[in-house]
Each structure stands twice: as C-alpha cells, then as structure tokens.
K.L.:
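My questions will all concern the structure given below.
Below, chains carry the letters A, B, ... as their sequence lines are ordered, and counting in each starts from 1.
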Amino acid sequence: MRYERPETLKDASDLLSNEEGLSRILAGGTDVLVQLKSEMVEPDLIVDLKHIGGMRSISSEAGGYRIGAAVSGAQLGEDDGVRAMWPGVVEGLELIGSTQVQGRATMVGNLCNGSPAADSVPGLVAADATVRIHGVNGVRECSILDIPVGPGRTSLAKGDIITSVFLPARAPNASDAYLRFIPRTEMDIAVAAAGVSLELDGDGVCTNARVALGAVAPTVLLVEEAGAALVGTRLGTDSLDALVKATEAACTPITDKRGTVEFRTRTAGVLAKRAAKIAYARAGGKS
Amino acid sequence: MVRVKLWGSLRSLADGQEFVEADATNFKQLVDQLAEQYPALRPQIKRGVSLALDGVIYRDAWFTPISEENEIVLMPYMVGG
Amino acid sequence: MALDSDAQRDFKIVGTRVTRPDGVDKVTGKARYGADISAPGMLHGRILRSPHAHARILSIDTTGAMALKGVKAIVTSADLSRPEDNFFADIGDNCLANEKALYDGHAVAAVAATDKATAKAALRLIKVDYEVLPHVTDVDAAMAPDAPVVHEGRADETVAEGYSQNVTSHFEFGHGDLEAGFAKADKIIERSFKTAATHQGYIEPHACLASLGADGRGELWCCTQGQFNVRTMCAELLGIQASQLRVTASEIGGGFGGKTTVFIEPVALALSRKAGKPVKITMSRDEVFRATGPTISSSMDVKIGMTSDGRITAGKANLRYQGGAYPNGTVEFGAQSAFAAYDLAAVQTLGWNVMTNRPKEAAYRAPGAPVAIYAIESVVDELCQNFGLDPLDVRIKNAARKGTLSSYGPTFNDIGLVATLEAAKAHPHYSAPLGVNQGRGLSCGFWFNFGGNTSVSLHLNSDGTIGVVEGNPDIGGSRASISMMAAEELGISYDKVRTVITDTNSIGFNDVTDGSRVTFAVGLATIKAARAAIKEMCSRVAKIWGIDEEAVIWEDGAAKPSGPNAGDFDPMTLADIAAVADNTGGPIAGHHEGNADGAGVSFGVHLVDLEVDPETGMTTVLRYTVFQDAGKAVHPDYVEGQMQGGAVQGIGWALNEEYIYGEDGRLQNPGFLDYRVPVASDLPPIETVILEIPNPGHPYGVRGVGETPIVPPLAAISNAVSRATGVRMAELPMSPPRILKATSAKV
Amino acid sequence: MKNLHISTTVNGDEKEFICGSDETLLDVLRDRLDLTGAKEGCGTGDCGACSVTLNGRLVCSCLVLGAEADGAEIETIEGMAVGDNLHVLQRVFIEKAALQCGVCTPGILVATRALLERNPDPSDTEIRYWLAGNLCRCTGYDKIVKAVQIAAAEMRSA
C-alpha cells in the first residue's frame with residue numbers, strides 16, 4: 001500500500017486514475033481505517049485529500065454554503081451559519097460515532113461509503129444538496145441522490161473526486177431535521193432514519209417538503225409521496241398520518257442483526273413524523 | 001455417625017437417599033467413606049465437591065472437623081468470576 | 001492474640017476512602033498492561049482461526065507460510081502436550097484445535113514472524129483442508145436427540161438416556177413436597193424464558209509476551225486474573241515443570257471472570273520454544289469476541305405458586321445452559337442460586353449443561369446465577385401483579401433469613417437479605433412518583449462468594465514502613481484495600497504500607513482473582529500475616545525489656561507492657577522496633593498461607609425506574625439504586641464501584657448485549673459496534689446503599705461484593721419494562737425490536 | 001512496502017519516525033515511539049481507549065494513519081501531567097475512585113480534558129454524551145461523571 005498526499009486536485013485525480021490496483025480516498029478515514037483493520041479491503045493506494053486547497057473550508061456561496069470534502073463533523077458543528085440554515089444536515093453528520101469520530105468524519109466520506117444507513121445522507125437528500133465532482137474529464141455537479149447506487153457502491157468513476165457539498169439558500173420560514181433510531185443513545189449504526197426539509201408560507205402552511213429515509217432500502221430514499229402529504233397542511237394529525245403511511249409504503253428493508261423488516265418500517269414512519277414536527281417548529285410553524 | 005445431605009441428582013446414585021450416614025470426624029473421612037459406601041458417587045467426588053457445614057461453605061479442606069452436631073450438606077465444587 | 005472476630009471494633013483506616021497506590025501510574029499512562037511490554041528480538045505471533053462453526057481438520061499445510069521470509073515458527077495442536085485429564089486437555093484443544101474446529105474463530109494454527117505484517121501474510125499461506133460438518137448453536141436444538149454432536153462420549157453419569165450427547169451433566173437441588181406446595185397456591189404461573197449469551201466485555205484484549213527456551217525454562221508476561229493458574233495450565237500444555245515457568249501478571253484491563261483461563265499463552269510459549277525467541281501475541285477485538293470465553297445462553301421453564309396474601313407455596317425451575325464447545329459446569333450454580341432469596345417449604349431446580357458449536361464458556365461474574373434468578377424474579381413479580389401486592393412486601397414476607405433451609409441445601413447463617421429489602425423499602429426511590437410509559441422494577445440477587453488458596457508475605461523495613469507481597473492481580477483497587485487492612489491491623493498509617501503483586505516464583509500459590517475472593521481471602525491472609533509480624537515484634541520487645549513475651553501487648557501501632565505488673569516501659573512503636581531489628585535477631589516479617597473458607601454469601605436488591613417509548617420500543621433507564629450487604633466495606637468507594645459496575649453490566653445484558661449467530665453458525669457481531677455494551681449517555685447515576693451485616697467468617701466482617709451486583713439487573717429491568725408496557729417480557733436482551741413486537745401483539 | 005519518514009510533534013517534543021503506510025497513529029505511538037498510554041481496545045473507533053488529540057481535535061488514534069501525523073501536533077496521556085504536577089483531572093480521578101482497572105482511563109482523561117477546554121461547565125448529560133465513545137466496563141460511569149464535575153468546578157475556580 002502506498003500513501004500519497006497530493007496538494008492539487010489534478011495530482012490527486014492523476015494518482016487515482018493511473019493506479020492499476022485498488023485505491024481509496026482518505027478524508028476523515030473513519031470508514032477506510034476500519035476496513036483496513038478488518039482486512040475487508042486492502043488498497044494499493046491511499047490518496048489523502050486533506051492537503052488540497054479548499055478541502056477543509058466552509059464558504060458562503062449564492063446564499064447557501066459550500067462545504068469542503070474534508071470538513072469534519074466537529075468543524076461543521078462549530079459553524080453557526082450552516083447550523084442556523086440547515087440544522088438537520090448538521091445533526092445528521094454530528095450523530096455519526098463518538099466525539100472522537102466527529103473529529104475526523106466527513107459528509108463526503110459518509111456519502112461515498114455507500115451505506116444505506118449513512119447518517120448524513122438523508123438530511124442532504126432532503127436538503128436537495130449537490131456535490132461537485134472533479135473528474136478526469138473536468139468538473140461537474142451532481143445531485144446527492146445520484147451518488148449511491150447500492151450498498152457499498154456509488155456512481156463515481158475511476159479518478160472522480162468529490163471536492164465539496166453545496167447546500168442551497170433557504171427561503172424564510174424553512175428548516176429541516178434528521179432523526180435516526182439506534183438501540184443505544186450513541187455509537188450505533190442507524191436501524192432506520194428520516195430527514196425532513198420543509199418550507200412554510202407566512203401562515204405556517206407547508207409549501208414544499210422533502211422527506212428522505214435511511215436504512216430502509218438499498219440506498220437512501222427520497223419519498224415524494226411523503227413530502228406531498230405535508231404540502232398544503234399545517235402538519236395536523238391527518239397529514240402526519242398520511243406522511244407515516246407514505247413513509248411505510250416506501251420502505252423495502254431487510255431483517256438483519258440490527259433490526260427486522262417490521263421494526264424498520266414502523267420506526268421509519270415514527271421518525272419521519274417526529275422529524276417533520278421538529279422541522280416544522282424550527283421553521284417557525286405553530287401546530 | 002454424621003448425617004450428610006446429598007443434592008438431588010446424587011440421590012439416585014445413593015440408593016435414592018436424601019441423607020446418608022458416615023462414621024467420620026472430618027471432611028476427608030466423610031468423602032472417602034461416601035466413595036466407599038456408594039461407588040456411584042465416585043465420579044462426582046473426583047470432579048469435586050464442597051461441604052457446607054452449618055451454612056458455611058468449605059471448598060477443599062480435608063481436615064475440617066465435623067460431628068453429629070453439625071448440619072452437613074454436600075455441594076458441587078464452587079467457582080466464581 | 002486470638003484470631004477472633006472483632007468486626008464491631010472502631011476502625012481507624014478500614015472504611016475510609018484513601019487513594020489507591022497504583023493511581024498515579026494509571027492516570028499518567030505509565031501502568032503496563034498486557035500489550036504494553038516488548039523484549040529484544042521479539043517476534044509477533046498471530047493465530048489462524050476457523051471460518052467454520054464445525055469442521056473436521058483433514059490437513060494443515062504450513063510449507064508455503066514457513067517459506068515466507070521472516071517467518072520463524074508455526075505451531076498447531078501437535079506442538080502442545082495432550083494431558084490425560086480432560087480439564088487440561090479441553091483447554092489445550094481450545095487453544096489450538098486438534099481434530100475438529102468446534103466453533104467460528106477456533107484457533108487452528110499460529111505463526112511467529114519478525115513483524116506484524118509478515119505474520120499476517122503468513123497466515124494466508126497456511127492451507128487448511130476442512131470437512132465442514134453440521135453445526136448447532138442453540139441450546140434447545142443441541143439437546144434434541146438428533147442434534148449434531150459436538151463431542152462424543154462426554155456425558156457424565158448424571159445424564160439420563162434419551163438426550164443428545166451434547167448434554168454433559170445434570171443437576172437437581174431442592175427439598176419438600178412440590179405437589180402439596182402447588183396445591184396450596186391460589187395462583188400458579190408457569191413461564192418459559194430465553195437469554196442470549198453475553199461477553200464480559202473487558203476493554204483490554206488478551207495479550208502476552210512469552211519466552212521459553214529449549215531447556216524448558218520460561219518467562220511469561222500476560223494479563224490474567226490469576227498468574228498461578230496460567231502457570232499450571234501452561235506447564236501442563238507445554239509439558240514443562242511448573243517451577244521452570246515464571247508467570248508475571250501485568251496490570252489487567254478488566255476480567256470479570258473472562259481472564260481466569262488461557263487462550264493465547266500456551267500458543268505464544270509453543271511458538272517461542274520453536275523459534276528460540278520471545279513471542280508477543282495480542283488479540284484483536286474480533287478475536288476476543290469470537291474466541292475467548294463468553295457466558296452461557298439459556299432456556300428455562302419456571303413454575304411458582306403463591307397464596308393470595310403473597311406467600312410462595314412452591315417453586316420449580318428447569319434450566320438448560322449451553323456453555324460452548326466443551327463440557328462446562330455452570331448450570332449447577334444457576335440451579336443452586338435460583339431460589340436462594342426465598343424461604344420455601346417446597347422447591348426444586350433441575351439443570352442441564354449442554355455443548356454447542358460456540359466458544360468455550362468462561363466465568364462471568366456470579367456464573368450461572370443472573371439468568372436463573374432473572375427467570376424466578378420475573379415470575380414472582382408477575383404473581384405480585386396478579387394479586388396486586390407490593391413486590392417488596394412479598395419479598396420481605398418470603399425472604400430467606402437466619403435459620404432458613406436454603407434452596408441449595410444448607411441452613412442459612414447470618415445473612416443480610418431482609419435488612420437489604422427493608423432498606424430498599426425505606427429509600428425515597430421506592431416511593432417516588434412515576435410518569436406515563438414508565439415502570440419500576442426490582443429484583444433480589446445472590447451469590448455464594450468464596451475464599452480459596454492465598455499466600456501473603458509482609459515485611460518490616462528499617463524505616464518503619466511495611467511491604468506487603470501478594471499474588472492476586474488488582475482489577476478494581478484491591479491493592480488499596482489490602483494495604484488498608486495491613487495498616488489497620490498493625491496500627492500504622494496507610495501511607496506506610498505498599499502492597500505489590502508478584503510473580504509465581506516469588507510467593508506461594510494463590511487462586512485466581514475470582515469468586516469475589518480477594519478482599520475477603522487476601523485480606524484475611526494479610527491480617528494473619530500482620531498478626532504473625534506483631535507476635536515477632538512483641539517477642540523482640542520482650543527481650544529488650546527483659547520480660548515474658550506474654551507480658552507484651554500490641555496496641556495502636558506499638559508494643560506496650562500488658563499491665564502494671566509487666567513493668568513500666570515506654571511503648572515501642574513499629575518504627576522503633578524496626579530500627580533495631582538488626583540487633584534483636586534480624587529482619588522481621590510475617591506471612592500466611594492458607595485455604596480460606598467462610599466467605600459468607602451476599603444478597604443485593606436493585607430498584608430501577610425506566611421509560612419505554614411505545615412507538616419504538618426504546619428503553620431509557622431513568623433511575624437506578626443498588627442495595628447490597630458488603631459485610632464490612634473496607635474501601636467504600638471501591639465497594640460502590642463494584643455495585644455500580646456490576647449493575648451496568650447487568651443493564652447491558654438486559655437490554656442490548658447478545659451473541660448473534662447466523663444460519664452459518666458464524667458470529668455476526670464480533671465488535672463493540674454491534675455487541676452493544678452500555679455507553680455513558682445510556683445511563684443515569686447509579687445510586688448505592690451499602691449495608692454492613694458482618695460476616696462471622698472474617699475478622700473485620702468482610703464479605704465478597706464483586707459478583708452479586710450483576711445478578712439483579714436482568715429481572716429488575718425486565719420487571720420494570722413489563723410494568724411500563726403492560727406486557728410480560730420473557731426473553732433477553734429486551735432490544736427495541738423485541739419490545740415493540742411484544743407490545744404490538746398486545747393491542 | 002515502502003516505509004515513510006515522518007516528522008511530528010508529540011506532547012511538545014519534536015519526533016521523527018519511520019513507519020509503514022498502513023500503520024495507524026496508535027501503532028506508531030505504541031510500537032515506534034514507546035508511548036503505550038494509548039490502548040488498543042478495538043482498533044475500529046468504537047471504544048476510545050486510544051484517544052489523543054491531533055492538531056487540537058480529539059480523535060481515535062486507531063483511525064488515523066501514522067503518515068497523517070507528518071507536520072501535525074499530537075497530545076497523548078503522557079503529556080497531561082507537567083513534571084510531577086498531575087493535571088487536576090488526573091488527581092481528582094484518583095481521589096474520587098473514577099477508575100477501577102484503569103485501562104480506559106488514559107482515553108477518558110484525554111477526552112475529558114478536550115471537553116473542559118471547550119466547555120468549562122458541562123452538565124452531566126453533556127459529559128455523558130461527550131464520553132459516549134469512551135467505553136468503561138468497570139465503573140458504570142457514575143464515578144467518572146462525578147469526578148469530571150468536581151475537577152471542572154476546581155478548574156473554574158482556579
């Protein structure tokens with residue numbers, strides 16, 4: 001295994017595209033090092049992105065925020081601007097692992113690991129966030145939803161490097177929330193998860209809603225019917241019931257050591273409902 | 001003679017008796033006599049037995065004195081974590 | 001000076017909260033644990049493990065691995081001796097599989113190489129030809145007559161015909177007429193329970209550094225609860241003399257019973273002997289879960305009858321424990337302790353020990369008792385609910401006390417159960433209000449405790465200070481307790497004493513640090529050693545004063561004339577005597593070697609309040625109080641620590657911890673990610689109430705305290721969950737999916 | 001495998017070492033620099049026994065490559081006491097019996113110091129969540145949380 005620490009994106013991309021063996025990108029390392037330890041993956045090349053300019057910075061852009069690929073959970077959590085605008089996205093990343101893991105873990109790493117239970121992804125999908133990809137043939141923007149294609153698999157091509165996440169600007173009276181279910185209070189992988197982003201009008205009526213689910217399908221899901229159930233409502237009981245129904249209907253989970261099909265399905269509905277209520281309150285809605 | 005209480009699964013190995021008697025003044029004599037009188041008890045004695053004497057458990061001590069005044073109960077050899 | 005019980009004396013040091021002598025080393029990172037040492041020229045060992053739950057080993061080809069540059073030795077079971085005694089043979093077979101691999105993770109071969117990377121590469125070059133066999137991991141399935149057999153011919157004479165050969169022993173305890181007892185009951189409840197296997201979960205993986213020469217002389221450094229037992233086992237398995245193997249116990253990063261046997265030590269010694277160099281092996285966490293000694297899993301049926309005014313008329317329990325791939329004796333302790341808290345006219349417990357294709361069970365804190373008592377205390381609680389009776393009143397009404405014929409045979413002596421129950425009843429926790437979806441549960445717990453073989457040596461230094469040498473690894477602050485008892489007995493200050501734990505060749509034999517025995521038995525031996533030193537000091541002083549030895553007494557750390565008739569002499573302090581030891585006959589020391597009995601059983605009661613989220617089945621523990629009889633709490637901080645730590649391990653057992661096996665018989669959660677021990681944010685403060693009902697078998701009244709606290713939490717939590725949800729839970733762990741499933745079925 | 005030459009700062013001292021590209025910072029501390037205070041309890045970031053700070057951030061050293069230490073500043077348990085002066089947390093942990101076996105203690109102390117640097121007056125809940133990645137199997141955490149509160153109060157009044 002070689003360790004490389006390029007200082008430009010071009011060098012990083014060249015290293016990755018020229019490598020004949022297996023390569024891994026190192027940002028926070030909280031997944032890669034676990035894979036190395038368990039001997040699941042034995043890469044020939046590790047490319048550390050942290051010394052490329054911009055990778056560890058958070059900047060305002062077009063009313064929203066651009067977040068470098070190597071920004072850790074701890075760093076993001078200390079950014080009051082992002083936290084105020086996208087609290088659900090921030091809490092999604094901050095829920096991953098321990099304080100120690102927060103010192104390293106990144107949203108992009110979480111996304112590229114391809115886990116259907118990745119805590120930071122439902123919030124990003126609900127936020128309609130995009131990523132910027134530096135590829136061999138240039139730079140492109142891509143929806144978060146298009147990155148994971150199955151457990152442990154992404155749509156990224158050889159030499160592709162996600163360099164940043166973009167969180168768009170928000171209208172007034174808008175917010176988001178993320179909840180996951182784990183059997184302890186910390187340190188577990190999500191058994192089911194829901195991210196909800198809402199926009200309200202001045203009267204507290206929901207005008208736009210995006211609901212994303214984690215750990216209940218091979219990839220994180222955007223459930224349009226669940227969002228639609230909230231639009232035009234003040235999140236009264238009927239609309240929340242409809243949200244739960246739509247959520248449960250979208251779930252196609254598996255039974256494994258962490259949970260059963262029934263448990264995941266039911267819990268996803270409960271979490272979607274609870275996250276919607278939190279997002280609604282954060283957006284200034286009064287139910 | 002001392003009277004010794006056996007635990008349930010040993011009784012079938014000692015002619016179904018809950019209590020057996022032995023002419024013993026210490027733990028060693030007691031165990032030797034039980035092995036003599038009830039050969040079917042030998043494997044368990046070999047694996048290990050403890051002795052409860054008036055409610056106090058003794059694991060190994062051969063020369064613990066016993067008399068007919070004492071309550072004597074045979075127990076499996078104690079372990080712990 | 002008679003070795004009387006003087007538990008009522010006014011203690012000067014015992015009962016205070018002094019600082020522990022190993023504290024600075026442990027807060028600065030200086031303390032050396034199993035993996036923290038190396039030797040010049042050291043090789044790194046690694047172990048190849050079976051990927052199969054059950055497989056015949058047809059051949060092992062090591063030629064490719066040996067050819068790898070840097071590989072210095074490879075061993076298989078052929079490199080260990082085969083003791084005739086099954087006890088040792090099984091341990092050896094567990095360290096390196098002989099004919100069959102018996103569980104996922106069973107060690108098959110090991111390699112020593114010049115660095116870790118080479119050792120890892122070499123493992124992949126060892127070719128093992130397996131014939132995969134059918135496997136069984138569930139206890140009930142393993143008892144069926146047609147189950148795959150783990151080992152043939154290992155059942156003992158107690159097992160009736162018709163069982164699978166996996167059933168290795170059977171136990172029955174109890175007394176009285178069950179039928180008549182049940183006939184008197186106004187209500188009989190019968191329930192079946194299942195509990196998953198759990199792991200001790202010590203944070204420090206097993207590690208050792210071994211050096212064994214061609215001459216049969218060796219040194220072994222390892223983390224263990226008992227260096228002497230390690231020596232005995234390793235000497236047997238390496239075919240060397242005990243005297244030639246010096247074993248030094250490192251600081252130990254938790255054990256809880258799991259470090260009372262050997263796994264890697266004989267392998268490291270065999271590699272070292274073959275390579276002619278020191279070999280270090282450290283286990284990964286994955287190896288710890290797959291291939292050390294978790295506890296039993298169980299399947300149990302309980303039947304209890306009660307009158308409408310809360311008197312238990314009869315109790316019966318059938319307990320089936322699987323203890324992994326070798327014959328194990330654990331069900332007997334479950335069967336003996338199941339009903340220990342109750343005064344019953346008719347009681348019977350039957351137990352079966354069963355083998356499965358899982359790792360060989362090791363002890364875990366009060367082995368066998370927690371799950372049995374969980375089942376009994378669950379049914380007692382359900383009966384209380386049935387009659388609308390207060391569960392503490394019912395327990396007080398039926399509590400075992402002095403003179404009660406215990407369910408395991410003997411009549412109880414002085415025990416503290418009633419006092420403990422009454423303390424719980426009087427505690428504000430018991431009358432605090434509960435909110436919606438909240439429940440309060442309680443349970444009694446019991447453990448025997450024991451003493452065992454102990455050697456302690458105590459010597460005076462010329463500056464009037466004391467060295468205590470003992471042989472039991474300090475897991476939870478025992479050096480402090482031992483120093484305190486030495487200081488108390490000698491009448492000097494605590495800071496004048498230093499206690500060290502030494503190797504196998506520097507003191508007489510000591511049993512393992514287990515059975516809650518150290519404060520009791522090592523303390524007892526220390527007191528006796530101090531008394532021997534006092535006797536010698538009095539004799540020296542008698543010579544100095546020219547009077548009879550009997551005329552000199554020891555009081556407040558000094559020799560004094562026994563009375564006016566003895567003469568008028570100024571007291572001589574320990575320091576005064578030590579200063580002239582050269583002139584009065586040479587070094588002064590005291591020692592004691594003995595096999596301590598009279599440990600005294602201990603009871604505890606736990607109270608818990610918790611809340612269950614009805615939508616997710618998530619349990620949140622809100623308040624937890626532990627009441628326990630400690631006999632005499634030598635160092636109250638560390639007694640509380642045992643009570644708190646045991647309670648939290650029990651909470652983990654009740655809620656989330658479990659060994660999960662797949663259809664393929666492989667362990668699915670060999671890591672702290674999915675083997676879910678409680679984390680700090682899962683827990684409330686753990687309140688403690690220490691009761692002190694002196695144990696007549698110890699001069700200070702000490703009882704062991706370490707094991708009892710893991711017993712009550714399982715039922716206390718289950719009873720609280722059942723009361724919070726209105727659904728009686730009968731399987732552990734009560735993970736959220738299980739609770740949600742049970743509560744959904746209710747509606 | 002090509003070894004790497006790394007220059008770093010550990011507890012304020014400049015250090016150089018050679019390591020393999022797949023060695024973790026924990027491996028390097030323990031095997032190359034003889035700093036065995038950080039322990040390997042799991043190797044996968046689940047137990048916190050290997051906690052150190054890397055450029056001021058609390059991390060599990062088992063989840064950092066040794067190579068990443070190049071040019072970085074690392075603080076370990078060995079740097080917590082100054083000469084023979086224990087850090088307040090270290091002293092209070094001993095006084096309040098906040099350790100039993102002690103193997104998780106270095107990680108917990110490093111983590112707790114990082115907490116109190118950011119939040120000098122944490123609630124019990126904040127302490128418990130901050131330490132959720134530091135497993136302790138002996139104490140049930142009760143005496144740890146209490147010791148942190150006592151140390152924090154003492155540090156605030158100093």
K.L.:
Where on A:Q75 is there a heavy atom nearer than 4.5 Å to chain D: the side chain, the backbone, both, or neither?
P.N.:
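For A:Q75, the contact with chain D is made by backbone and side chain together.
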K.L.:
State, with a plain yes or no, whether a side-chain heavy atom of D:T24 is found less than 4.5 Å away from one of A:K37.
P.N.:
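No, side chains not in contact.
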K.L.:
Heavy atoms only: give me the nearest D:Y129-A:T99 pair and the separation to one decimal.
P.N.:
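Nearest heavy atoms, D:Y129 then A:T99: O-OG1, 4.0 Å.
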K.L.:
Please report the C-alpha distance between D:L63 and A:Q100 in whole Å, then the side-chain angles of each, then the deciding distance to 0.1 Å, and finally whether the side-chain contact (heavy atoms from CB on, under 4.5 Å) criterion is met.
P.N.:
CA-CA 9 Å; D:L63 294 184; A:Q100 288 84 343; over 6 Å; no
K.L.:
Looking at A:A74, A:P43, A:G97, A:G29, which has the largest count of heavy-atom pairs under 4.5 Å with chain D?
P.N.:
A:A74
K.L.:
If you take all heavy atoms of A:S98 and D:G45, which pair is closest and at what distance?
P.N.:
OG-O, 4.3 Å
K.L.:
Go through the atoms of D:L65 and report whether side chain, backbone, both or neither lie under 4.5 Å from a heavy atom of chain A.
P.N.:
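Looking at D:L65, backbone and side chain both touch chain A.
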K.L.:
Please classify the contact of A:E4 with chain D as side chain, backbone, both or neither, using a heavy-atom distance under 4.5 Å.
P.N.:
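Neither the backbone nor the side chain of A:E4 comes within 4.5 Å of chain D.
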K.L.:
I'd like to verify something: which residue of D:L115, D:D70, D:L131 has the highest number of heavy-atom pairs under 4.5 Å with chain A?
P.N.:
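Answer, by heavy-atom pair count under 4.5 Å with chain A: D:D70.
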K.L.:
Between atom OG1 of A:T185 and atom CZ of D:R128, what is the distance when rounded to the nearest 0.5 Å?
P.N.:
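Atom-to-atom, A:T185:OG1 and D:R128:CZ are 10.0 Å apart.
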K.L.:
Nearest 0.5 Å, what's the CD-CZ distance between A:E78 and D:R118?
P.N.:
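If I round to the nearest 0.5 Å, the distance is 6.5 Å.
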K.L.:
In Å, rounded to the nearest 0.5 Å, how long is the span from OG of D:S21 to CG of A:D48?
P.N.:
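Here the interatomic distance stands at 12.0 Å.
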K.L.:
Answer yes or no: are there more than 12 heavy-atom neighbours, outside D:E73 itself, under 6.0 Å from its atom CD?
P.N.:
no
K.L.:
Roughly how far, to the nearest 0.5 Å, is the CG atom of A:L33 from the CG atom of D:D22?
P.N.:
9.5 Å
K.L.:
Rounded to the nearest 0.5 Å, how far does CE of A:M187 lie from CG of D:N134?
P.N.:
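The distance works out to 8.5 Å.
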K.L.:
Look at A:E186, A:R184, A:R104 and state which one has the largest set of heavy-atom pairs under 4.5 Å with chain D.
P.N.:
A:R104
K.L.:
Sort out for me which of D:V64, D:T53, D:T44 touches chain A most, counting heavy-atom pairs under 4.5 Å.
P.N.:
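Winner by heavy-atom pair count: D:V64.
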K.L.:
Check the surroundings of atom NZ in A:K158: do more than 12 heavy atoms from other residues, nucleotides or ligands lie under 6.0 Å from it?
P.N.:
yes
K.L.:
Is it true that, when you exclude D:K96 itself, more than 12 heavy atoms of the residues, nucleotides or ligands shown sit nearer than 6.0 Å to its NZ?
P.N.:
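For D:K96, atom NZ is not crowded (no more than 12 foreign heavy atoms under 6.0 Å).
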K.L.:
What distance separates D:E68 CD from A:R5 CZ, expressed to the nearest 0.5 Å?
P.N.:
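Reported value, rounded in 0.5 Å steps: 8.0 Å.
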